Trainee: 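Before anything else, here's the structure in question.
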There are 2 protein chains.
Amino acid sequence: MSKPPARIRLADAAFALFDERGYEQTTVDDIAERAGVGRTTFFRHYRSKEAVIFPDHDRLLELIRDRLATSSHRTALVAVSDAVRLVLLHYIEEGDLARRRYALTSKVSALRDREIASVARYQRLFREFIADWMGDPTKSASLRAELMAASVAAAHNHVLRRWLRGESADPVTELDEAMGEVLALFPAPGAPADGDGGGTTVVAFRTGQDLDALLPSLRRLVEGETGR
Amino acid sequence: MSKPPARIRLADAAFALFDERGYEQTTVDDIAERAGVGRTTFFRHYRSKEAVIFPDHDRLLELIRDRLATSSHRTALVAVSDAVRLVLLHYIEEGDLARRRYALTSKVSALRDREIASVARYQRLFREFIADWMGDPTKSASLRAELMAASVAAAHNHVLRRWLRGESADPVTELDEAMGEVLALFPAPGAPADGDGGGTTVVAFRTGQDLDALLPSLRRLVEGETGR
DNA sequence: CTGTAATACGGTACTCAGTACCGTTGAGCG
DNA sequence: CGCTCAACGGTACTGAGTACCGTATTACAG
């Protein structure tokens, strides 16, 4: 009968009690007691009662920062896409835990607010990165950076919530599609990949014709020539 | 020597103390004492310590809801613009108070989080309204509603913050410009711009091959078939 | 085996936000 | 004058979060 570490026991106890009695009706003492530890130990592992539900937003923020940092000017948009995918994958890896958290944040407004604040921090990273990428600190450029960051975050949240609700079987490709739609909203600035040295390139077009008519030819075009 | 009502004295005392000692270093007792009232009276006028800074978000929410409700299908976008302008005007009317609040939310993360949560509620109203307006509950339509709402909110925040920082002399027309830019991002669904009734379609791909090799074929593909 | 340093833990006591309840005051009004 | 109603003040409580102190366990050097 080897016990799991206190940190895990606390999280398990917290989620169980939140399910049974609700969030506000559960005190930190209750959680600590069920986990078989003292109250002090709870606060040693989690900074607050809310933090037991959102354990590693800080780590996730660092991941995003790192991914964005390792990108050249040319690959900026790829970095954004990758970083967003990173966040989604993080939630997916959590699996059922993420869904239980979603159920809680849907009911308890204090938790929903906290979640929103976390998302805003991601969005801020994206905004700063995009603004930096665009250079040009004019009024309209910074508005565009703001819009882009907001759209990127919104697209991610949209796909994430669909997956959390069980409405999406393949959230990763859904995210790619959504990101494509977002990037298509914003015409590429500067001189996008003029005489570039090759490598992966992101292309976006807007056209008036039907998607279904266009798709097969495009797929042939891309896949045929890359040999994938 | 007629005293202003307690509600005002409390707000004044709160802002003064927050400026002097900082937010966390000020207790509710301090505020009540400086205002010359009891602690109970503070909580009678403001639900929480934070609420003394954000007095009427609820009222503002109602204003938005009302403005959105009084609109036909045709005038939906106008209603959105109006509602957003309503929020901006509300802040402008507050004048210096809004700027002091901004100074506080810039320093104290707890207050910034609360502000963000409030904005999220506005955004939610817009998202629901836009989704409702578009009808069509398909995956891509609800994503578009989400993106639009996020962009609308982002545009508003952008202009508002510029004004709060004293970077904008005429925020109202700036907002109109920004809203115009936002709405330009999203082709009107009801009246397709092209003659083909199918609406504009946006496609994005990622490929490993060189952009220059891809561009001519793509251009032929798109332009050749649309006749543009 | 023994002293010691590091780590994790439990307990107590405190501050402060927020809630509940009760008694008091004062203004208006018959 | 007696009544009512609203605003207020005081007391007491719960619960989150912090600070501090003492203790058990482990590991490791001697």
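Below, all heavy atoms of this structure are taken into account, side chains as well, without hydrogens, waters or symmetry copies. Since we're looking at a predicted model, the values are computed, not measured. Naming convention: chains lettered A, B, ... in sequence-line order (proteins, then strands); numbering from 1 in each chain.
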Trainee: Would you indicate which nucleotide in D:dG17, C:dA17, D:dG9 comes nearest to any side-chain atom of A:Ser48?
Mentor: D:dG17
Trainee: Checking all strands, does A:Thr40 fall into the base, sugar-phosphate, or nothing category for heavy-atom contacts under 4.0 angstrom?
Mentor: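 Base contact.
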Trainee: Hey, does the side chain of B:His45 come within less than 4.0 Å of D:dA7's phosphate (OP1/OP2), counting only N and O?
Mentor: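 Indeed not, no polar side-chain atom of B:His45 lies that close.
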Trainee: May I have the distance from A:Arg21 (atom CZ) to D:dG15 (atom C1'), rounded to whole angstrom?
Mentor: 14 Å
Trainee: A cation-pi test, strictly: NZ or CZ of A:Lys49 under 6.0 Å from the centre of the six-membered ring of A:Phe42 and no more than 45 degrees from its axis. Yes or no?
Mentor: no
Trainee: Whole angstrom is fine here: how far is it from CD1 in A:Ile31 over to P in D:dG15?
Mentor: 12 Å
Trainee: Hey, does the side-chain of A:Arg39 have a donor or acceptor N/O within less than 3.5 Å of a partner on the base of D:dG15?
Mentor: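 By the distance-only test, no, there is no pair.
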Trainee: Could you state the atom-to-atom distance from CD1 of B:Ile53 to C1' of C:dA17 in whole Å?
Mentor: 14 Å
Trainee: Any side-chain donor-acceptor pair under 3.5 Å between A:Arg161 and A:Tyr102?
Mentor: no
Trainee: With a sphere of 6.0 Å drawn around CD of B:Glu50, does it hold more than 12 non-hydrogen atoms of other residues, nucleotides or ligands?
Mentor: yes
Trainee: In whole Å, what is the span from the CG atom of A:Asp30 to the C1' atom of D:dG15?
Mentor: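 Roughly 11 Å, once rounded to whole Å.
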Trainee: Atom CZ of B:Arg44 to atom P of C:dT19: distance rounded to whole Å?
Mentor: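 Spelled out: CZ on B:Arg44 to P on C:dT19 is 13 Å.
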Trainee: Return the nearest nucleotide to the side chain of A:Phe43; candidates are C:dA17, D:dC8, D:dT18.
Mentor: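 Nearest to the side chain of A:Phe43 among the choices is D:dT18.
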Trainee: D:dG15 C1' sits how many Å from A:Glu24 CD, rounded?
Mentor: 12 Å
Trainee: Quick check: A:His57 with A:Tyr122 (ring centres under 6.0 Å apart)?
Mentor: yes
Trainee: Between C1' on D:dC13 and CG on A:Asp29, what's the gap in Å once rounded to a whole number?
Mentor: 15 Å
Trainee: Judged by each residue's nearest nucleotide on DNA chain D, which is more toward the 5′ side, A:Phe42 or B:Gly38?
Mentor: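 Comparing both residues, the 5'-ward one is B:Gly38.
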Trainee: Would B:Arg34 and B:Glu20 pass as an ion pair if we require N to O under 4.0 Å?
Mentor: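 Here B:Arg34 pairs with B:Glu20 in a salt bridge, since their nearest N and O are under 4.0 Å apart.
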Trainee: Please report the distance, rounded to the nearest Å, between NZ in B:Lys49 and C1' in D:dG17.
Mentor: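 In whole Å, D:dG17 C1' lies 13 Å from B:Lys49 NZ.
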